[in-house]
Amino acid sequence: MAELALLCETAGLEVVGETIQNLDSPHPDTFIGSGKVEEIKILAEENLANVIIFDNELLPRHQRELEQRFESVRVLDRTALILDIFAQHASTREGALQVELAQYEYRLPRLTRAWTHLARQAGGGGGRTGSVGGVGLRGPGETQLEIDRREIRHRIAHLKEEIEKVRAHRSNYRAQRKRAHIPIVAIVGYTNAGKSTLLNRLSKSNVYVANQLFATLDPTTRRVSLPGGHISLFTDTVGFIQKLPTQLIAAFRATLEEISEADLLIHLVDITHPNALAQFKSVQQTLIEINAGHIPVITALNKIDRLKNPPSLEEYTNAIPISALTGQGLPELLNAIEQELFETFVPVYVRLPYQQGQLISLFHEEGHVETVEHDRHGVVMRGQIPLRLLARFQPFLQPAKSSSPR
Ligand SMILES: Nc1nc2c(ncn2[C@@H]2O[C@H](COP(=O)(O)OP(=O)(O)OP(=O)(O)O)[C@@H](O)[C@H]2O)c(=O)[nH]1
Ligand SMILES: [Mg+2]
């Protein structure tokens, strides 16, 4: 609930009251029980609230039913709130496209059912004479609902095409970076963990930092020199949150691919947050959902300048305490990154098609080859490769024998 309050503040709302109900299962009509509905109604009236927000995702029919009971007070759910914040923070064309897609996908089923319901109440389809669709758009016997749905679908299709173009562009750009053999490190973590602060500190750049949820939406990549003289590219991108709306994950695929194709992840944790461990676990879960579960991770426990005692590292594997603000612990972090990327070898077992001649020679030049077999489909190679090259071999990994890193 504290997080929901923070989301509200970020969206520009002032919280005037809150309440909780434990139910074995949601009420079929109103999600919460009818006594609770009355209680909230009174609470809202007393506090002159004009919006009621549920921390859960509401079904369209729950939302509709609740709006009727609460009369003039709007009903939103956590997903709608997060989408709203994203809409406010989208500053680039790519970000705006992705948010708009997510919003339409969220609205489509709600629109459908709400309108179906209204049409039925009015005695069956057809009769509405609004001008939303414009003259000439409405076919004979077509309901307003069908027009709205068709327009939204049309818009969704258009947005997907545009996003696909952005995606192609990004993936071209990534391919170029890969050819340059510069390893990519993605900074991931719960929203407000300090990801942008860390990138700024390491690359002396100026990404927007704020004590807000989802301050960053669009990926930024900067060059960072490691202590031993190696170069790497660090990417900062959108933060995660518990119950991240699935529409957002789908819409932000182009952005999230920046993470899923990194060579190494820095999982940044705000160790001063009371729910640090739960946040850590929810980020791990999301990483699996976006196909980044296989990428090696260094955990950095951030904001230790706010702690009196050093944090306990027990719950976190491979963790380094740091302060992105004061710079404390950053040399250790950079050393660890350099070691992971340039001095760590991982066992792999791959089948490389003959067209992948470049990868075959890369394995021979940079890796330790143990066995090589040729078959109809390509070269089957087993051995060790530098961790920073793992992502390039990823598509060809063979599942049968143990091939995952560590
Ligand atoms: N005390 C302290 N505050 C920090 C540290 N790192 C970041 N912060 C603060 O934490 C807040 C969030 O920092 P950001 O860098 O914007 O966090 P983020 O992870 O990029 O957040 P989103 O982009 O919103 O997901 C800001 O107020 C920072 O000043 C740190 O090491 N110590
Ligand atoms: Mg940020």
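Counting starts at 1 for both ligands and their atoms, in listed order.
When the heavy atoms of T326, T216, L268 are ranked by distance to atom 23 (O) of ligand 1, first place goes to T216. When V209, I85, L199 are checked for heavy-atom proximity to atom 29 (O) of ligand 1, V209 turns out nearest.
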Side-chain polar contacts of residues 239-253 - donor-acceptor pairs under 3.5 angstrom, sequence neighbours left out - could you list them?
from	atom 1	to	atom 2	distance (Å)
Q242	NE2	Y190	OH	3.4
K243	NZ	D55	O	3.4
K243	NZ	D55	OD2	3.2

Pairs under 3.5 angstrom only: tabulate donor-acceptor contacts from the side chains of residues 326-338 to other protein residues two or more places apart or in another chain.
from	atom 1	to	atom 2	distance (Å)
T326	OG1	S323	OG	3.0
T326	OG1	Q328	N	3.3
N335	ND2	P331	O	3.4
E338	OE1	G228	N	2.6
E338	OE2	G228	N	3.1
E338	OE2	H230	N	3.3
E338	OE2	H230	ND1	2.9

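Using a 4.0 Å cut-off between heavy atoms, K195 contacts ligand 1 through both its backbone and its side chain. With a 4.0 Å cut-off on non-hydrogen atoms, L213 touches ligand 1 through its backbone and not its side chain.
How far OG1 of T317 is from CD of Q284: 6.5 Å, rounded to the nearest 0.5 Å.
Against a heavy-atom cut-off of under 4.0 Å, F214 is close to the following atoms of ligand 1: 24 (O). Shown in contact with A193 at under 4.0 Å from a heavy atom are these atoms of ligand 1, numbered in order with element: 19 (O). When each atom of ligand 1 is checked for a heavy atom of Q212 under 4.0 Å away, the hits are 24 (O). Interface of T191 with ligand 1, defined as ligand atoms under 4.0 Å from a residue heavy atom, comprises 22 (P), 24 (O), 25 (O).
Protein heavy atom in closest approach to atom 1 (N) of ligand 1: D305 OD2, 2.9 Å. For atom 24 (O) of ligand 1, the closest heavy atom belonging to the protein is A215 N, 2.6 Å. Distance from atom 8 (N) of ligand 1 to its nearest protein heavy atom, with residue and atom name: K303 CE, 3.7 Å. Closest protein heavy atom to atom 17 (O) of ligand 1: G194 N, 3.1 Å. Of the protein's non-hydrogen atoms, the one nearest atom 15 (O) of ligand 1 is T197 OG1, 2.5 Å. Annotation: atom 6 (N) of ligand 1 to nearest protein heavy atom, N302 ND2, 3.2 Å. The protein heavy-atom contact nearest to atom 11 (C) of ligand 1 is N192 OD1, 3.5 Å.
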(request) Quick one: do E258 and R170 satisfy salt bridge (Lys or Arg N to Asp or Glu O under 4.0 Å)? Show the steps, please. (result) CA-CA 8 Å; E258 293 286 315; R170 276 201 178 283; 3.2 Å; yes

(message) Assess the residue pair D236 and K195 against the criterion (salt bridge (Lys or Arg N to Asp or Glu O under 4.0 Å)); give the C-alpha distance rounded to whole Å, side-chain angles, the decisive distance to 0.1 Å, and a yes or no.
(response) CA-CA 6 Å; D236 166 36; K195 301 179 293 298; 5.5 Å; no

(request) Dump the intermediate steps for side-chain hydrogen bond (donor to acceptor under 3.5 Å, both in side chains) on E65 and T30, then the final yes or no. (result) CA-CA 6 Å; E65 195 65 38; T30 48; over 6 Å; no

(request) Tell me, with the steps shown, if E340 and R388 meet salt bridge (Lys or Arg N to Asp or Glu O under 4.0 Å). (result) CA-CA 8 Å; E340 282 279 332; R388 69 175 191 283; over 6 Å; no

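For N318 (side chain) and V297 (main-chain N/O), a donor-acceptor pair under 3.5 Å exists by modelled atom type. T344 contributes no side-chain N or O that, together with a main-chain N or O of L341, makes up a donor-acceptor pair within less than 3.5 Å.
Not one N or O of Y208 is nearer than 3.5 Å to an N or O of ligand 1, by distance alone. Residue R306 has no nitrogen or oxygen atom sitting less than 3.5 Å from a nitrogen or oxygen atom of ligand 1, judged on distance alone.
Proximity of G189 to ligand 1 is not established, as no heavy-atom distance is less than 4.0 Å.
With a cut-off of 2.8 Å, the protein N/O/S atoms near the Mg ion (ligand 2) add up to 2.
Just one residue in the list V15, L13, V75, D77 forms a side chain to side chain contact (heavy atoms under 4.5 Å, CB included) with I53, and that residue is L13.
Within the 4.5 Å cutoff, no side-chain heavy atoms of F363 are placed close to those of V372.
Pairing each heavy atom of L217 with each of V99, the nearest pair is CD1-CG2, 4.2 Å.
The side-chain tip of R222 does not point at the ring of F234 from less than 6.0 angstrom away and within 45° of straight on.
Ring orientation note: the planes of F345 and H368 are close to parallel, at an angle under 30° on the 30°/60° scale.
With sequence neighbours excluded, no residue forms a side-chain hydrogen bond (donor to acceptor under 3.5 Å, both in side chains) with Q356.
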